[in-house]
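Just so you know, these numbers use all the heavy atoms, side chains as well, and skip hydrogens, waters and symmetry mates. So you know, we letter chains A, B, ... as the sequences are listed, proteins then strands, and number each from 1.
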2 protein chains.
Amino acid sequence: MPENALDAIDRKIIDLLQADGRMSNQELSDRIGLSPSPCLRRVRQLEANGTIARYVALVDPDKVGLSVTAFVRVRLDQQDDRHLQEFETAVAGFPEVMDCYLMTGEADYQLRILVSSLTQFEDFLRRRLTKVNGVANVTTSFALRPVIYKTAVPTLQPL
Amino acid sequence: MPENALDAIDRKIIDLLQADGRMSNQELSDRIGLSPSPCLRRVRQLEANGTIARYVALVDPDKVGLSVTAFVRVRLDQQDDRHLQEFETAVAGFPEVMDCYLMTGEADYQLRILVSSLTQFEDFLRRRLTKVNGVANVTTSFALRPVIYKTAVPTLQPL
DNA sequence: TTTGAAACCTGCCGATA
DNA sequence: TATCGGCAGGTTTCAAA
């Protein structure tokens, strides 16, 4: 069942496609030292079992006028399944929410918000987020500047 | 100079490529109702001016054994340029750091860390992050579960 | 917008280890 | 038995007409 153990070749395929998702199968196979057919078979396999989830273009937020990143920590007044589910459904419908994690600690959720201005952020906060049922408390920190933004997962040595 | 004002067609190109970065120019032009040549010209233009920064494959962290996400807030003991630069250079070399923002508020930096286990996280924290010059204080919150993870930037109405 | 040459994708088959 | 490499057809790209 856990038949998705990656060997060294799979690992290399993943690393190359995470760096350039449009790399042709020909170039990919060249770089890993395999011929195109088995290389493509492995790529299809990685796609089929969900290891490679999708291919996307990454857009520079600044270039489309989205220069404000805020992290918002949210506390709900109750933490049972029904309330969590309700909150998650609501935030899934907000386009400004780039990511959202259920958290340990003080806050129940942490959201990363991307908007074009503080005005737009205030609008999001007051007219939409704090209107969601069950939201008890909201704390915001702003990003002054992005330092690192990666999508490629790390290759870590087991300890 | 600000010649990167996106019209409705550019916006549609971006939306489609953010959803599927491997879409062929043929399919793309079909969907936006344009013939392939002018469509490709626009895509190349968006790539050239940096609006489309890159194309990547997204890998499911769980499928490669990376199931622990932690947010770490870091305070430095001094915040002058030299110390900030030194810290940023150090974290850029840590593969576990997925993203990093310079922040307002209590903490100077917030990092998102992706590792395979708590053991590995402790190793990162004790042997590497807290050994960086100038790190005064470190606070960790763990993600219990990712709820939303997007790479596509939102299309927001101006207020 | 159309066209045509070059590059690319991908299923199939025999070879290999 | 599972994975590889080569071949062949259909498709896509892209620059020039």
Side-chain angles (χ1 to χ4, degrees), chain A residues 1-60 63-64 151-158, chain B residues 1 3-66 116 151-153 155:
Chain A
M1 204 77 4
E3 48 87 58
N4 45 347
L6 304 184
D7 63 14
I9 296 177
D10 290 332
R11 191 69 235 187
K12 218 163 176 187
I13 288 175
I14 284 176
D15 288 344
L16 289 169
L17 288 178
Q18 284 188 124
D20 177 7
R22 294 204 98 165
M23 185 177 292
S24 75
N25 184 56
Q26 209 160 270
E27 183 175 354
L28 184 63
S29 57
D30 264 12
R31 292 224 198 167
I32 65 179
L34 205 62
S35 64
S37 297
C39 181
L40 185 63
R41 257 195 300 274
R42 280 168 179 268
V43 172
R44 292 291 175 261
Q45 173 71 18
L46 292 167
E47 292 166 357
N49 72 25
T51 303
I52 295 178
R54 46 207 295 251
Y55 298 89
V56 300
L58 297 182
V59 167
D60 182 340
K63 289 276 164 61
V64 294
T151 56
V153 302
T155 309
L156 303 176
Q157 332 303 337
Chain B
M1 207 72 5
E3 48 86 58
N4 44 347
L6 304 184
D7 64 14
I9 296 176
D10 289 333
R11 191 69 234 188
K12 217 161 176 188
I13 288 175
I14 284 176
D15 288 344
L16 288 168
L17 287 178
Q18 284 188 124
D20 177 6
R22 294 204 98 164
M23 186 177 292
S24 75
N25 184 55
Q26 215 161 268
E27 184 176 354
L28 184 63
S29 56
D30 263 13
R31 294 224 196 166
I32 64 178
L34 206 61
S35 61
S37 294
C39 181
L40 186 62
R41 246 195 310 276
R42 280 168 178 268
V43 173
R44 292 290 176 263
Q45 173 70 19
L46 292 167
E47 291 167 358
N49 72 26
T51 304
I52 296 177
R54 46 208 295 251
Y55 298 90
V56 300
L58 297 182
V59 167
D60 183 342
D62 278 330
K63 289 276 164 58
V64 295
L66 296 163
S116 56
T151 57
V153 301
T155 309

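Judged purely by atom type and a 3.5 angstrom limit, A:K12 has no side-chain atom pairing as donor or acceptor with the backbone of A:D7.
Across A:R22 and A:D20, no two heavy atoms sit closer than the pair N-OD1, 2.9 Å. Residue B:R54 comes nearest to A:Q18 through the heavy atom pair NH2-O, 4.0 Å, listed as atom of the first residue, atom of the second, then distance. Shortest non-hydrogen contact noted between B:G21 and B:Y55 is O-CD2, 3.6 Å.
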Distances under 3.5 Å between nitrogen or oxygen atoms of protein and nucleotides 14-17 of chain C:
none

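Going from atom CG of A:L16 over to atom CD1 of A:I32 covers 7.5 Å, rounded to the nearest 0.5 Å.
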Protein-to-nucleotide contact annotation, 5' to 3' order, nucleotides 3-17 of chain D [B base; S sugar-phosphate only; - none; under 4.0 Å, heavy atom]: -BBBB----SBSB--
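Judged as a side chain to side chain contact (heavy atoms under 4.5 Å, CB included), and not counting sequence neighbours, the contacts of A:S29 are A:P36, A:C39.
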Could you walk me through whether A:E27 and A:R31 pass the side-chain contact (heavy atoms from CB on, under 4.5 Å) test, one step at a time? CA-CA 6 Å; A:E27 183 175 354; A:R31 292 224 198 167; 2.6 Å; yes
